[in-house]
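Attaching a single structure in structure tokens format; questions to follow.
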Amino acid sequence: MTFIRVKENFVCGHCGMSVIGDGYTNHCPMCLWSQHVDTSPGDRAAICHGLMRPIQVDIERGENILTHRCKLCGYIKRNRIAEGDNRESMIAVMRGLQGFVQ
């Protein structure tokens with residue numbers, strides 16, 4: 001798997017927030033939702049393009065890891081939580097408060 005850094009801005013398909021990408025941004029920092037656009041990181045080769053719901057937050061080796069599941073095809077992807085991500089949304093996912101992040 002080859003990582004391709006792609007700097008691009010986007011509008012969150014879930015909450016509508018305008019997000020400024022840094023080449024590593026793969027989810028909305030406000031609601032933590034993502035979009036299924038990659039087969040390998042940065043390639044934009046996925047044909048699904050479904051919204052990816054945040055379903056779990058784990059702590060591994062001192063890092064917060066966010067798991068997404070695509071609402072269309074069920075694809076599961078794990079990514080690091082970013083410094084500026086909304087802590088309330090992260091805690092809601094950790095507590096299983098799915099109504100908060102739906």
Side-chain angles (χ1 to χ4, degrees):
M1 175 176 7
T2 302
F3 175 79
I4 302 167
R5 186 175 181 195
V6 179
K7 284 187 176 185
E8 59 189 359
N9 303 332
F10 62 93
V11 173
C12 177
H14 178 70
C15 74
M17 180 178 174
S18 292
V19 179
I20 297 173
D22 65 3
Y24 300 103
T25 309
N26 69 336
H27 59 268
C28 174
M30 181 56 66
C31 69
L32 306 181
W33 282 65
S34 187
Q35 187 171 12
H36 187 184
V37 295
D38 294 339
T39 300
S40 291
D43 68 5
R44 303 303 184 252
I47 58 173
C48 178
H49 289 254
L51 288 179
M52 296 186 72
R53 179 181 185 168
I55 60 168
Q56 186 173 324
V57 175
D58 296 301
I59 300 172
E60 295 180 9
R61 295 182 295 268
E63 288 189 305
N64 294 316
I65 305 296
L66 177 62
T67 301
H68 290 102
R69 178 182 297 131
C70 180
K71 289 186 70 166
L72 290 182
C73 72
Y75 176 75
I76 293 178
K77 176 76 173 126
R78 295 168 40 107
N79 299 284
R80 284 187 220 122
I81 292 279
E83 181 73 26
D85 286 351
N86 183 291
R87 297 296 174 209
E88 289 179 17
S89 293
M90 186 177 78
I91 291 167
V93 172
M94 291 173 87
R95 291 183 176 164
L97 301 175
Q98 295 303 318
F100 182 80
V101 293
Q102 285 184 10

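Note that the structure is predicted; figures quoted are calculated from it, not measured.
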**OP:** For M30 and C15, work out which heavy atoms get closest and say how close.
**Re:**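 Reported closest heavy-atom pair: CB-SG, 4.4 Å.
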
**OP:** Could you pull out the closest heavy-atom pair between G50 and L72, with the gap in Å?
**Re:**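 Closest heavy-atom pair between G50 and L72: CA-CD1, 3.4 Å.
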
Original post:
What distance do L32 atom CG and T67 atom OG1 have between them, rounded to the nearest 0.5 Å?
Top reply: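 Nearest 0.5 Å value for the CG-OG1 distance: 11.5 Å.
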
Original post:
Going by heavy atoms in the side chains, are K71 and H14 under 4.5 Å from each other?
Top reply: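 Not touching, per the 4.5 Å side-chain cut-off.
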
**OP:** Inspect the contact between D58 and R78 and indicate whether a charged nitrogen and a carboxylate oxygen are less than 4.0 angstrom apart.
**Re:**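 Yes, this pair counts.
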
**OP:** Compare every heavy atom of P29 with every heavy atom of V19, then report the nearest pair and how far apart it is.
**Re:**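 Closest approach of V19 to P29: CG2-CD, 3.7 Å.
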
Original post:
Got a salt bridge between E60 and R80, using NZ or NE/NH1/NH2 to carboxylate O under 4.0 Å?
Top reply: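 Salt bridge flag = no for R80 with E60.
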
Original post:
Looking only at atom types and distance, does a side-chain atom of Q35 sit under 3.5 Å from a main-chain N or O of L51, one as donor and one as acceptor?
Top reply: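 Here the side-chain-to-backbone pair does not exist.
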
Original post:
What distance do S34 atom OG and N26 atom CG have between them, rounded to the nearest 0.5 Å?
Top reply: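 Between S34 OG and N26 CG, I get 5.0 Å after rounding to 0.5 Å.
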
Original post:
Nearest heavy-atom pair of C31 and P54: which atoms, and what distance?
Top reply: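 In terms of heavy atoms, the two residues are closest at O-CG, 3.9 Å.
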
**OP:** Measure from the side-chain N and O atoms of N9 to the backbone N and O of G21, and report whether any donor-acceptor pair falls under 3.5 Å.
**Re:**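 Here the side-chain-to-backbone pair exists.
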
**OP:** Report the hydrophobic cluster partners of I65, with the cluster defined as I, L, V, M, F, W, Y residues connected by side-chain heavy atoms closer than 4.5 angstrom, directly or transitively.
**Re:**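 Its cluster partners, ordered by chain and number, are none at all.
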
Subject >> Atom pair SG (C70) and CZ (R53), whose distance is rounded to the nearest 0.5 Å >> reply: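 So the SG of C70 and the CZ of R53 are separated by 12.5 Å.
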
**OP:** With salt bridge (Lys or Arg N to Asp or Glu O under 4.0 Å) as the test, would you mind laying out the steps for K7 and D22 before giving the verdict?
**Re:** CA-CA 5 Å; K7 284 187 176 185; D22 65 3; over 6 Å; no

**OP:** Test side-chain contact (heavy atoms from CB on, under 4.5 Å) on D85 and M90 and set out the steps.
**Re:** CA-CA 8 Å; D85 286 351; M90 186 177 78; over 6 Å; no

**OP:** With sequence neighbours excluded, tell me which residues meet ring pair (Phe, Tyr, Trp, His ring centres under 6.0 Å) with F10.
**Re:**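 Scan of F10 (ring pair (Phe, Tyr, Trp, His ring centres under 6.0 Å), adjacent residues dropped) gives none.
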
Original post:
Taking C-beta and beyond as the side chain, do V11 and M17 meet within less than 4.5 Å on heavy atoms?
Top reply: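 A side-chain contact under 4.5 Å is absent here.
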
**OP:** Would you list the pairs meeting ring-ring contact (aromatic ring centres under 6.0 Å, His included) in which at least one residue belongs to residues 63-88, sequence neighbours left out?
**Re:**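 Pairs touching residues 63-88 that pass the test: H27-H68, H36-Y75.
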
Original post:
Looking at CG of L66 and CG of N79, how far apart are the two atoms once the value is rounded to the nearest 0.5 Å?
Top reply: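 Atom-to-atom, L66:CG and N79:CG are 6.5 Å apart.
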
Original post:
Can you get from I55 to M52 by hopping between Ile, Leu, Val, Met, Phe, Trp and Tyr side chains that sit under 4.5 Å apart?
Top reply: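 Unlinked, I55 and M52 end up in two clusters.
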
Original post:
Which atom names give the shortest non-hydrogen contact between I20 and T25, and what distance separates them?
Top reply: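 What the structure gives for the nearest pair is O-OG1, 4.1 Å.
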
